[in-house]
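Only one structure is covered here, and it is reproduced in the block below.
Side chains are part of it too, since the values below use all heavy atoms of this structure and drop only hydrogens, waters and symmetry mates. First listed ligand is number 1; within each ligand, the first listed atom is number 1. This one's a predicted model, so the numbers in the text were calculated from it and none came from an experiment.
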Amino acid sequence: MTRLQKHFDVIVIGAGPSGMMASLSASEKGASVLLLEKKERPGKKLLLTGHGRCNITNIRIPDNFRETYHENSRFITSSLYAFPPEEVREYFLSLGIPTHEEDDGRIFPDAQKAAAVCDALEKALVERGVVLLTDSPVTSIDKNDSAWSVKTGEETFESRAVILATGGKSFPHTGSEGDGYSLAGSVGHTVTELAPALAPILLSAFYDATMDSRCEDCGAEFTLAGITLPDVGSALLIDGKKKKTARGDLLFTHQGVSGPAAMTLSRELPPSKGKYAEGSVQFVIDMLPDIREEEVEQQLLSAMSENPNRYMKRLLCETFHLQEKAAILVLDGKTMDIRANEVTKETRKTIVRKLKASAFDVGKCTPMDIAYVTRGGVPVKEIDPKTMRSKIAEGLFFAGEVMDIDGISGGYNLQYAWESGRAAGFAAAEAALE
Ligand SMILES: Cc1cc2nc3c(=O)[nH]c(=O)nc-3n(C[C@H](O)[C@H](O)[C@H](O)COP(=O)(O)OP(=O)(O)OC[C@H]3O[C@@H](n4cnc5c(N)ncnc54)[C@H](O)[C@@H]3O)c2cc1C
C-alpha cells in the first residue's frame, strides 16, 4: 500500500462546485492540492441542480448583479469581472461541456445533465493531479507557525493554505450541514444569522370557505397543486406592510407556492420556531401585473356589458388571457356559475381585487432543509473580495456558499461558486508558493 502524502501546498475542504473549481485553479498555478470531501463522492448537491440539468450560470449577471445578490452584491464585483459568465462557459467548453442559453439568460449544458458537468470536473481533477479523498469529513483546522493542520476522522494533513468550501446548511443529505461555520469560528471568524433562501413558501390553507363550499356544490375534487401562473406579480406582506415584490412564474404545490418568484421572496420570511400568527405574514398574487387596478375594472366592465350572457369563468379567461385554473382562483362558489348580467357591483369589485391581489396566509418559515440556498454565513467584511482571503486568519481562504452571499434563482449561485472558487484557488496557490 502506498503511503498517503501528508503535506500539500493547498488543502481544499469540500468537493462541491466551489471546492472543485478552487482545486483546479490552485493546481493550474502549480500548487499541489488535496481536496477533502466528507461524502462518498464529490458534487452531490451539484447533481441536483436545475432539476438535474444544472443551470451553470446566467449570461445577464454583469447587467443585473446588484439586484441578484441582495445586500452583499458589491462584494462579488471583483470575482465576477475576473471570471464572468462568458468565461465560465468557455472554461466548461474546454472541459468538453458546451452550453446554450435558455430563457432569462440562463445557461445549461447541451448535455442537459448535471452529471455531465460533475463528471467533467472530476476528470479534470484527476488530469491535474489533485488528490481527492472522499469519506473524509474535516473535523478541525489549526494554524501552527506557518502551516495549517487539517484533521479528518483518521488523518492529519498539513498545508501552507486552506480553502474552506463547505457550502451552506440546506439539503444536508448532500453533505452541506454547516460544518464550515464552526470550522471558520474555531479560528476567529464570526457567522451571521442563517436563514433559508430560495425555498418554497408554505401556505396555511389553499382554500377559503367559499372555495370549499363551491367544491362541495359541484362535487368536484379540486386542488391548486400543479397550477402554474405564468409571469405574475408576487409580494410578501409582513404585518400588512409590503416587504418585497417579485415577478415570474408561480407554481402551486401541495404545501404552498414555488417557482422563481416565490423562491426569491422566501429569504424575506421572518424567522420563527412555530407557526406565524394568523394574517401576520401573507403571500399576495397579482395576476395582471402590467395592468393597473382601475384599468382592470374598466376592461372587465366593458367585457361584461358586451357579453351579458357569458359565464364569468369564460369571460375572465377571454378578457385577461387567463388559464381556466387561474380564473378558479379568483371566483368563488357563488360567482363560478353565474353569467355576467347577474354579477353585482360588490362582486365585480371583489373579482377585480382578487385579480390584482389574491392574498394567502403563510403558515410558517420554510425549514432550512428544503431551501435551495442558505442566507447568511461568514460575513463578507471578514474576507477580501479579490482573493477570498480571510482577514482574520492568515492562509485561510473561502469559496462558495459558506460565505454570506446568496443569489436569486437562475444560475446565480453556481456562478458565485465558480468565480469565488477560481479567485480563492489562484490566491491560495500564490500564497502557498511565495
Ligand atoms: C435542489 C437544488 C437545485 C439547485 N439548482 C441550482 C441551479 O440550477 N443553479 C444555481 O446556480 N444554483 C443552484 N442551486 C444552488 C447551488 O447548488 C449551490 O449554491 C452550490 O452548490 C454551492 O456550492 P458550494 O461548493 O459552495 O457548496 P456545496 O455544493 O454545498 O458543496 C459543499 C461540499 O462540502 C462538503 N463538506 C461539507 N462539510 C465538510 C467537511 N467538514 N469536510 C469535508 N467536506 C465537507 C459537502 O459534502 C459538499 O460536497 C441549487 C441547490 C439545490 C439544493
Side-chain angles (χ1 to χ4, degrees), residues 11-23 34-58 61 68-69 85 88 102 104-109 112-114 117-118 121-122 132-141 150-153 155 157 162-184 186 196-200 258 260 263 368-375 377-378 388 398-403 405-421 424:
I11 294 178
V12 181
I13 305 172
S18 69
M20 286 193 274
M21 179 59 77
S23 303
L34 171 66
L35 173 56
L36 295 168
E37 167 55 46
K38 86 195 266 189
K39 293 304 243 188
E40 71 287 359
R41 59 152 302 152
K44 286 194 87 166
K45 190 176 276 181
L46 178 61
L47 291 171
L48 303 179
T49 56
H51 300 285
R53 294 201 303 129
C54 188
N55 182 188
I56 283 189
T57 182
N58 194 301
I61 294 180
T68 46
Y69 293 97
V88 169
E102 297 191 8
D104 297 326
R106 293 179 305 151
I107 303 298
F108 287 88
Q112 302 280 15
K113 283 196 183 85
V117 176
C118 202
L121 289 165
E122 281 185 68
L132 167 66
L133 291 184
T134 52
D135 292 308
S136 301
V138 171
T139 50
S140 71
I141 54 172
V150 176
K151 284 201 176 90
T152 64
E155 308 276 353
F157 300 94
V162 166
I163 302 177
L164 211 47
T166 42
K169 214 183 167 180
S170 65
F171 274 62
H173 61 282
T174 63
S176 333
E177 294 175 290
D179 299 6
Y181 307 129
S182 42
L183 292 173
S186 72
L198 290 190
S258 188
M263 306 272 276
M368 185 73 99
D369 289 13
I370 59 169
Y372 278 25
V373 176
T374 305
R375 177 181 181 176
V378 177
M388 303 294 150
F398 294 93
E401 212 182 299
V402 68
M403 290 178 264
I405 295 279
D406 62 288
I408 63 169
S409 161
Y412 299 92
N413 289 292
L414 280 178
Q415 168 62 33
Y416 187 65
W418 311 130
E419 70 192 46
S420 58

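Among Ser18, Pro42, Gly14, the residue whose heavy atom lies closest to atom 24 (P) of ligand 1 is Ser18. Nearest-heavy-atom check against atom 31 (O) of ligand 1 across Gly16, Gly180, Pro137 picks out Gly16. The residue from Ser176, Ser420, Ala199 that puts a heavy atom closest to atom 28 (P) of ligand 1 is Ser176. Among Ser409, Gly52, Pro17, Gly168, the residue whose heavy atom lies closest to atom 23 (O) of ligand 1 is Pro17.
Judged by the shortest distance from any of its heavy atoms, Ser136 lies inside the 4.0 Å radius around the atoms of ligand 1. Put simply, part of Ile13 is less than 4.0 Å from ligand 1, judged by heavy atoms. A heavy-atom separation below 4.0 Å is not found between Asp406 and ligand 1. For the ligand labelled ligand 1, residue Glu37 lies inside the 4.0 Å heavy-atom shell.
Listed by number with element, the atoms of ligand 1 under 4.0 Å from a non-hydrogen atom of Phe171 are 1 (C), 53 (C). Near Leu36, with a cut-off below 4.0 Å to any heavy atom, the atoms of ligand 1 are 43 (C), 44 (N). Atoms of ligand 1 found under 4.0 Å from any heavy atom of Lys39 (numbered from 1 in listed order, with element): 47 (O).
Taken to the nearest 0.5 Å, the OG atom of Ser136 stands 8.0 Å off from the CD atom of Glu155. Within the model, atoms CG of Leu34 and CZ of Phe157 stand 5.5 Å from one another, a figure rounded to the nearest 0.5 Å.
Between Val162 and Ile13, some side-chain heavy-atom pair lies under the 4.5 Å cut-off.
When all heavy atoms are compared, the tightest approach of Asn58 to Gly410 is ND2-O, 2.9 Å.
Of all the heavy atoms of Thr57, none lies under 4.0 Å from any atom of ligand 1, so neither backbone nor side chain is involved.
Looking at atom 22 (C) of ligand 1, its nearest protein heavy atom turns out to be Glu401 OE1, 3.4 Å. Remark: minimum distance from atom 11 (O) of ligand 1 to any protein heavy atom is reached at Leu414 N, 2.7 Å. Protein heavy atom closest to atom 51 (C) of ligand 1, with residue, atom name and distance, is Tyr372 O, 3.4 Å. The protein non-hydrogen atom at the shortest distance from atom 14 (N) of ligand 1 is Thr49 CG2, 3.9 Å. In this structure, the protein non-hydrogen atom closest to atom 45 (C) of ligand 1 is Lys38 CD, 3.7 Å. With hydrogens left out, the protein atom closest to atom 42 (N) of ligand 1 is Val138 N, 2.9 Å, a heavy atom. For atom 27 (O) of ligand 1, the nearest protein heavy atom (residue, atom name, distance) is Gly167 CA, 3.2 Å. Nearest protein heavy-atom neighbour of atom 8 (O) of ligand 1: Gly50 N, 2.8 Å.
Remark: Asp135 pairs with no residue by the salt bridge (Lys or Arg N to Asp or Glu O under 4.0 Å) rule, at least two apart or across chains. For Arg53, the side-chain hydrogen bond (donor to acceptor under 3.5 Å, both in side chains) partners two or more places apart in sequence, or in a different chain, are Glu102, Gln112.
Without hydrogens or angle criteria, Asp406 side chain to Thr374 main chain gives no donor-acceptor distance under 3.5 Å.
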